[in-house]
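The block underneath contains the structure these notes are about, expressed in structure tokens.
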Protein chains: 2
Amino acid sequence: MARATVQDVAKTAGVSVGTVSRVLNKSPAVSESSKEKVTAAIRQLNYRPLASARDLRRDRTMRILALAKNLNSPVISEAFRGVGDAAASSGYVSLIAPTAGDLEREQQLVDMLRNGSVDGLIMFSPTMPDEDVNEMAEQLSVVQVCEIADSEAAFGVSIDDRQAAFDITRHLIETGGRRLAMIGNRAARSGRLREEGFRQAAAEAGMSPDQMLFVEGEFDFHSGRQLTRKLLTADPLPDAVFCGSDTVAAGCVREITDAGLRVPDDIAVAGFDDSIQAEMCVPELTTIRQPAYDMGRVAFEALFARMTEPGEHRRGRTFLPHELVVRDSTKG
Amino acid sequence: MARATVQDVAKTAGVSVGTVSRVLNKSPAVSESSKEKVTAAIRQLNYRPLASARDLRRDRTMRILALAKNLNSPVISEAFRGVGDAAASSGYVSLIAPTAGDLEREQQLVDMLRNGSVDGLIMFSPTMPDEDVNEMAEQLSVVQVCEIADSEAAFGVSIDDRQAAFDITRHLIETGGRRLAMIGNRAARSGRLREEGFRQAAAEAGMSPDQMLFVEGEFDFHSGRQLTRKLLTADPLPDAVFCGSDTVAAGCVREITDAGLRVPDDIAVAGFDDSIQAEMCVPELTTIRQPAYDMGRVAFEALFARMTEPGEHRRGRTFLPHELVVRDSTKG
DNA sequence: GTTGCATTTGGAATCGATTCCAAAATTGGT
DNA sequence: ACCAATTTTGGAATCGATTCCAAATGCAAC
């Protein structure tokens, strides 16, 4: 049995296609009796309006797409919940696709915006170079979350990464940290900003750059362990480590503990994100809470504005407040 | 500047729309010179074929959608990688949407298949009742992963949950477990199968049902802690706990440790999934490895078959092999 | 230069839902 | 019963890409 069309429904209901369409779109200009006939025919034929035909005619899809490198990041999945809820309450469907850091796949997904498969795009962690992101941001309905490219045209939502890193580093210093280390990631803009905040806090406390250790790598548990192993060869040992994510911090704590040292007594460790990992770790991690869900909501609102007022270029990046969460991995 | 259409390209290139379309679709029946003119015009106008028009005419979208309750489950995100890679190599784009366990939202997303927004659907953890899943599975291109509804018409890929639970429970018994407990989840079919396997292994070892503790709840860390607290009020205490997921097991280990008991000496703990949580836990968890990536690949292959040979109803469920991974949370 | 065959091209019809306009039906007032 | 105002309806045009068919062009051989 082939798919029923609006024509079939019209014939079955004994009305015209116009009337069927009016019923579908809840136009008030339909008599009660036609509405009933049409509704009955729709049910009888199990009819659903074909999306591509509707989208073609209406010139919009009521769908948006979010892109991220991975899905298993707690911040991203939480932010996406925010996007999804905000989108739903505006009648949009929100979809996600992981790029896996593959440029070609990312390009293909971005093309879904260019070719009208979706009305808007939310980018969490772009793989493409900043200049390409900026070019896109100028012409298309795109909003960045967490990572915001450094451009006039960039629309985006994030926390103030530099300030957050500054705050937590200051906490490490105030609780006795004298030989600081950081496990970071210069590949991401947010990673570079966090490094800046870290260095600035250390400098203000009178530490010279060569007193600070810095190592970088991927942001997963194993990488956290491996990079910490490198830190533990330093002499003198660091007494406080700021990690760019909770997962890395968990690896860091594990490696320190396995080496027979105590956290925080011998070495204090701080994370970032306040994900569930921070609570699963022993000792529980001092970290920075990102308001991920709200970031998602706000990002959708910004995207909605771009989609519905295309001329309007009230660009802007929004910074939401972060929060220092002190737990047992630093001296309290 | 409005969007360029195939007409605009034809005019600019000085050819007909037919020729433009042939170039776009790499038809061989185009002269070299036309091809160049068209390619130049496309670049000049920055033209992209409109997806909805193409989809309408072709009656397919080359897109598939995967639905899951949450995105942050390690098994799901890994399985989705498999889906994505397999889909990409067949020219499909794969998208994900979380349902958050909300029936209405799930319904709306499933409608994307019914209304032709996507060509196929992969369901990880349905919220709708089994009978609805079965009805869908009969008429539409749907493949289930992990959770497979119990129906003739069901297409799906998973491990043998019952057998896996049986295997790991036997391991608990072989390593000295005498008073077994399980933290499970009867809401999911896979949860019920795991409970069956658990009970069967215990029964075969001569344990009576009332010797076994069973508690159930959500599958997250906090729930794992809370349910374990309940188990620790039992007298005598269990000496081996099988948890339905690594995350729950991590909560279980934490609660046991906080109570001053040792894992595995006082109580052995086993998880499920072999996610990164299993390695992050101290002690590292004995668990069941699910071949999540491969499950995703196989699921796409099955879906591809359903999409391309709609008549063909060689239904079937595929079970991929699981693996017992022994680590320090059980006695070796 | 003509014939025959293969290659290339133009253009109309098509996919299915929406929307606009004019025509038809209904309503109400007198 | 008639007119005007309003509500409701039918049907054609439209969105943009694809595809089919017929026409046109190119090429080779004689």
Side-chain angles (χ1 to χ4, degrees), chain A residues 1-39 41-42 45-63 91 111-119, chain B residues 1-39 41-42 45-63 91 111-119:
Chain A
M1 163 195 82
R3 160 183 287 283
T5 73
V6 73
Q7 321 279 347
D8 302 326
V9 175
K11 197 176 302 170
T12 304
V15 299
S16 73
V17 294
T19 301
V20 174
S21 181
R22 277 181 286 261
V23 171
L24 287 171
N25 296 288
K26 310 200 196 310
S27 152
V30 185
S31 69
E32 207 51 46
S33 80
S34 314
K35 194 190 297 188
E36 279 166 25
K37 282 188 290 183
V38 170
T39 317
I42 286 176
L45 298 175
N46 191 24
Y47 166 78
R48 311 274 165 144
L50 188 72
S52 53
R54 184 162 33 70
D55 295 345
L56 169 60
R57 191 49 230 246
R58 287 204 179 141
D59 197 28
R60 70 200 158 120
T61 64
M62 299 305 276
R63 273 176 258 144
D111 269 350
M112 290 186 64
L113 178 58
R114 293 210 153 90
N115 73 19
S117 291
V118 296
D119 296 341
Chain B
M1 165 194 77
R3 160 185 285 284
T5 74
V6 72
Q7 320 281 346
D8 303 326
V9 174
K11 197 176 300 170
T12 305
V15 299
S16 74
V17 295
T19 302
V20 174
S21 182
R22 277 182 285 262
V23 171
L24 287 172
N25 296 287
K26 309 201 195 312
S27 153
V30 185
S31 69
E32 208 48 49
S33 81
S34 314
K35 194 191 297 189
E36 279 167 25
K37 282 189 290 185
V38 170
T39 319
I42 286 175
L45 298 175
N46 190 26
Y47 166 77
R48 311 273 166 147
L50 188 72
S52 53
R54 184 161 34 70
D55 295 345
L56 170 60
R57 190 52 229 249
R58 289 204 179 139
D59 197 28
R60 69 200 158 115
T61 64
M62 300 304 277
R63 273 175 258 144
D111 269 349
M112 290 185 64
L113 177 58
R114 292 210 153 89
N115 72 20
S117 291
V118 296
D119 296 341

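Every chain is numbered from 1 and lettered A, B, ... according to where its sequence line falls, protein lines coming before strand lines. Heavy-atom basis, side chains included; hydrogens, waters and symmetry copies ignored.
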Euclidean distance, A:Arg48 CZ relative to A:Arg3 CZ, rounded to 0.5 Å: 9.5 Å
Atom pair CG (B:Leu56) and CZ (A:Arg57), whose distance is rounded to the nearest 0.5 Å: 12.5 Å
Touch class at under 4.0 angstrom, heavy-atom based, for B:Thr19 against every strand present: sugar-phosphate
Touch class at under 4.0 angstrom, heavy-atom based, for B:Asp55 against every strand present: nothing
Phosphate-side-chain proximity, A:Ser21 and C:dT18, N/O vs OP1/OP2 below 4.0 Å: yes
Sugar-phosphate, base or nothing in reach of B:Leu50, heavy atoms under 4.0 Å: sugar-phosphate
Any donor-acceptor N or O pair under 3.5 Å, side chains B:Asp55, B:Thr61: no
Sugar-phosphate, base or nothing in reach of B:Val30, heavy atoms under 4.0 Å: sugar-phosphate
A:Gln7 side, atom CD; A:Ser16 side, atom OG - distance, nearest 0.5 Å: 10.0 Å
Contact under 4.0 Å: B:Ser16 side-chain N or O vs C:dG10 OP1/OP2: yes
Backbone of A:Val17 reached by a side-chain donor or acceptor of A:Ser21 within 3.5 Å: no
Rounded distance (Å) that lies between atom C1' of D:dG11 and atom CZ of A:Arg22: 10 Å
Phosphate OP1/OP2 of D:dA17: any B:Tyr47 side-chain N/O under 4.0 Å: yes
Between B:Asn115 and B:Ser117, a side-chain donor and acceptor under 3.5 Å: yes
Proximity to the side chain of B:Ala53 - top-ranked nucleotide from C:dT8, D:dT18, D:dG16: D:dG16
Phosphate OP1/OP2 of C:dT18 contacted by A:Asn25 side-chain N/O (<4.0 Å): yes
Terminal axes of the helix from C:dG1-D:dC30 to C:dT30-D:dA1 (five pairs each): angle between them, nearest 10 degrees: 40°
Nucleotide C:dT27, atom P - distance to CD of A:Glu32 in whole Å: 14 Å
Whichever of B:Ser33 and A:Val6 has its nearest DNA chain C nucleotide further upstream toward 5': B:Ser33
Nearest-angstrom distance from the residue atom CZ of A:Arg57 to C1' of C:dA17: 8 Å
Sugar-phosphate, base or nothing in reach of A:Val20, heavy atoms under 4.0 Å: nothing
Gap between atoms CG and P, on A:Asp59 and C:dA17 respectively (whole Å): 18 Å
Spacing of B:Ser52 atom OG and A:Arg54 atom CZ [to the nearest 0.5 Å]: 10.5 Å
d(CG, A:Leu56; C1', D:dT18) in whole Å: 13 Å
Interatomic spacing from OG in B:Ser31 to NZ in B:Lys37 - rounded to 0.5 Å: 7.0 Å
Atom pair distance, as rounded to whole Å: CD in A:Gln7 and P in D:dA13: 14 Å
Residue-phosphate contact under 4.0 Å: A:Ser31 side-chain N/O, D:dT9 OP1/OP2: yes
Nucleotide C:dT19, atom C1' - distance to NZ of A:Lys26 in whole Å: 18 Å
Presence of donor-acceptor pair under 3.5 Å, side chain of B:Arg58 and base of D:dT18: no
Candidates D:dA12, D:dG16, C:dA17 - which lies nearest the side chain of B:Thr5: D:dG16
Separation of D:dT9 C1' from A:Lys35 NZ (nearest whole Å): 15 Å
